[in-house]
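Here the structure is laid out as structure tokens; the discussion comes afterwards.
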Amino acid sequence: MPPPASRQAAETDAIAVPKNIRWVLLGVMLALLLSMLDSLIVGTAMPTVVADLGGLDHMSWVVTGYTLATACSTPVWGKLGDLLNRKHMFLSSIALFLVASVACGMAPSMNTLIIFRVVQGLGAGGMGAGAFALIGALLPPRERGKYQGMVAGVMAVGQLGGPLVGGFVTGHLGWRWAFYINVPIGLICMIWCQLLLHMPALKRRGKVSIDWLGITFLTGAISAFILAATWAGSTYDWGSWQIIGLALVALVLLAAFIVTESRAEEPLMPLRIYGGHRNFPLSAILLTVIGVATFGATLYLPLYQQVVQGASAANSGLLLLPMMIATLITANISGKVMSATGRYKIFPVTGSALLVVGLGLLSTMGTDTTRLLTSLYMAVVGAGTGFCMQMANTIAQNAVGLRDIGSASAATNLFRNLGGSVGIAVFASLFAGTVSSARIPGEGSTTAHTTEQAPYLQDVAHATHLIFLTGACIALAALIASLLIEEVPLRGKPGAAPLAKAEAETA
């Protein structure tokens with residue numbers, strides 16, 4: 001068996017960057033854009049769906065079922081890509097997503113729609129995990145910064161375009177086309193990747209072993225965790241036996257999962273990626289906090305601007321434009337500097353500090369804050385996200401061997417989604433506890449600033465203050481984690497990263 005150093009060299013050399021890499025990545029990013037657009041488009045179409053199918057009491061499951069399936073399937077798709085063939089798994093997940101999209105569009109009832117949304121979420125989990133795993137397999141970390149702006153641009157387009165496309169499609173074509181629109185985009189993506197994406201299957205000896213027990217325990221733990229986060233503060237009180245019971249179930253299943261992974265022949269989520277180099281768990285913390293911050297900002301900033309500042313709901317997607325532009329700019333800058341110099345720790349440190357400051361500034365907004373000032377605060381948060389998000393993914397992938405890229409990419413996606421779920425639950429609880437339903441203005445109100453609405457506006461402004469102040473406190477964890485990151489050399493020329501400890505121990 002070759003020594004670890006030669007293993008690392010072989011692994012690094014195996015990543016041959018294709019000459020047409022930008023065209024290849026564009027096809028991969030199209031799938032990522034599709035999964036982002038879908039959730040936002042469907043959210044915009046939900047009032048029309050309920051008006052047609054009924055089932056208002058079950059409406060939340062259209063989103064919750066999709067989220068649960070995406071989170072639970074993400075680690076499975078990532079591991080299957082590592083074991084079998086990343087390209088085939090990626091294309092299979094897109095195909096599953098498209099079939100489920102057509103089924104959703106043809107759904108005759110709310111219950112049927114929920115079932116097909118779960119299947120659609122299974123495909124979305126593979127699309128997200130596969131996209132980042134393919135980027136990791138196609139590009140060594142040192143080269144990845146040059147293309148970081150593409151990923152940030154796709155995410156910005158998804159965040160802005162989702163509500164706008166959803167409103168247009170639903171208003172002109174009907175809510176079923178909110179699902180049918182996925183088909184032409186997905187087919188283009190599949191054909192594009194089939195023709196341009198070329199990568200060999202991983203060479204493995206012996207029979208492939210699937211960690212079914214690990215899949216069962218992790219799926220149960222994630223489901224219990226997300227349900228607790230979704231229902232806490234809304235359906236049930238935080239201290240209710242239902243929420244406490246779900247939390248205990250999640251902890252027990254997580255403990256069982258860890259024990260199983262330490263003994264499995266091919267663990268679903270290898271523990272070596274957590275115990276090898278400290279940069280991976282630190283990046284996971286960073287991405288979890290980013291999930292909390294971005295979900296909170298994208299949900300509650302438009303609400304504040306519409307209710308308190310009188311902005312138009314029809315242009316809700318454009319309200320986040322300052323944050324998205326700042327994210328795109330800083331992601332491009334940090335990526336190019338990282339590729340040119342090989343230095344990167346300064347960016348997550350600066351980004352997490354900007355997140356703390358930006359969220360703190362947003363917490364100072366009141367009923368008299370101008371839209372211009374709000375836009376400036378949003379830009380600070382966007383700059384912090386741009387410096388952190390893609391950089392944290394790169395640092396995490398650089399901390400593991402190429403054979404674990406799929407598992408590592410799936411894990412980082414999972415942590416970001418779980419952070420978003422927790423953020424939504426905590427922020428929703430804060431909002432519901434602050435804004436009294438008795439003060440919500442009736443349909444007869446015609447202006448945003450009337451004497452009747454003044455208490456309601458004050459409640460919303462105070463809830464916004466609590467939400468972003470809490471977000472700023474949570475962002476301190478990201479700042480601490482980024483300060484502890486070790487700046488090891490990135491794999492790829494010039495230079496090569498030292499082998500992660502876990503890779504060296506198992507080589």
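In this chain, residues are counted from 1 in sequence order. Values reported hereafter were calculated over all heavy atoms of this structure, with side chains retained and with hydrogens, waters and symmetry mates removed.
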### Summary
OG1 of Thr48 to CG of Leu53, rounded to nearest 0.5 Å, is 10.5 Å

### Task
Count the heavy atoms belonging to other residues, nucleotides or ligands that lie under 6.0 Å from CH2 of Trp238, then report whether that count exceeds 12.
yes

### Query
Are more than 12 heavy atoms from other residues, nucleotides or ligands located less than 6.0 Å from atom CH2 of Trp177?
no

Are any side-chain N or O atoms of [X] and backbone N or O atoms of [Y], one a donor and one an acceptor, separated by less than 3.5 Å?
X      : Y      : answer
Tyr304 : Ala461 : no
Thr260 : Leu213 : no
Asp237 : Ser240 : no
Gln242 : Tyr236 : no
Thr219 : Thr216 : no
Trp192 : Trp23  : yes
Arg371 : Gln309 : yes
Arg176 : Ala107 : yes

Heavy-atom closest pair, residues [X] and [Y]:
X      : Y      : answer
Ile474 : Val292 : CD1-CG1, 3.9 Å
Ala71  : Ile226 : CB-CD1, 3.6 Å
Ser73  : Gly125 : OG-CA, 3.6 Å
Lys79  : Glu266 : NZ-OE1, 3.2 Å

### Message
Are Ile395 and Pro348 packed together at the side-chain level, in the sense that at least one heavy-atom pair is separated by less than 4.5 angstrom?
### Response
yes

### Message
Do Leu122 and Phe97 make a side-chain contact, defined as non-hydrogen atoms from C-beta onward lying under 4.5 Å apart?
### Response
no

### Task
Check the pair Leu91 / Gln194 against side chain to side chain contact (heavy atoms under 4.5 Å, CB included), numbers first and verdict last.
CA-CA 8 Å; Leu91 294 178; Gln194 181 63 38; 3.2 Å; yes

### Task
Ignoring hydrogens and angles, state whether a donor on the side chain of Ser101 or Gln120 is under 3.5 Å from an acceptor on the partner side chain.
yes

### Query
Is it true that the side chains of Ser109 and Thr112 contain a donor and an acceptor less than 3.5 Å apart?
yes

### Message
So if I apply the side-chain contact (heavy atoms from CB on, under 4.5 Å) rule between Leu98 and each of Val102, Ile94, Leu96, which one comes out positive?
### Response
Ile94

#### Entry: Chi angles and distances behind the side chain to side chain contact (heavy atoms under 4.5 Å, CB included) call for Leu113, Phe179
CA-CA 11 Å; Leu113 177 61; Phe179 297 102; 3.9 Å; yes

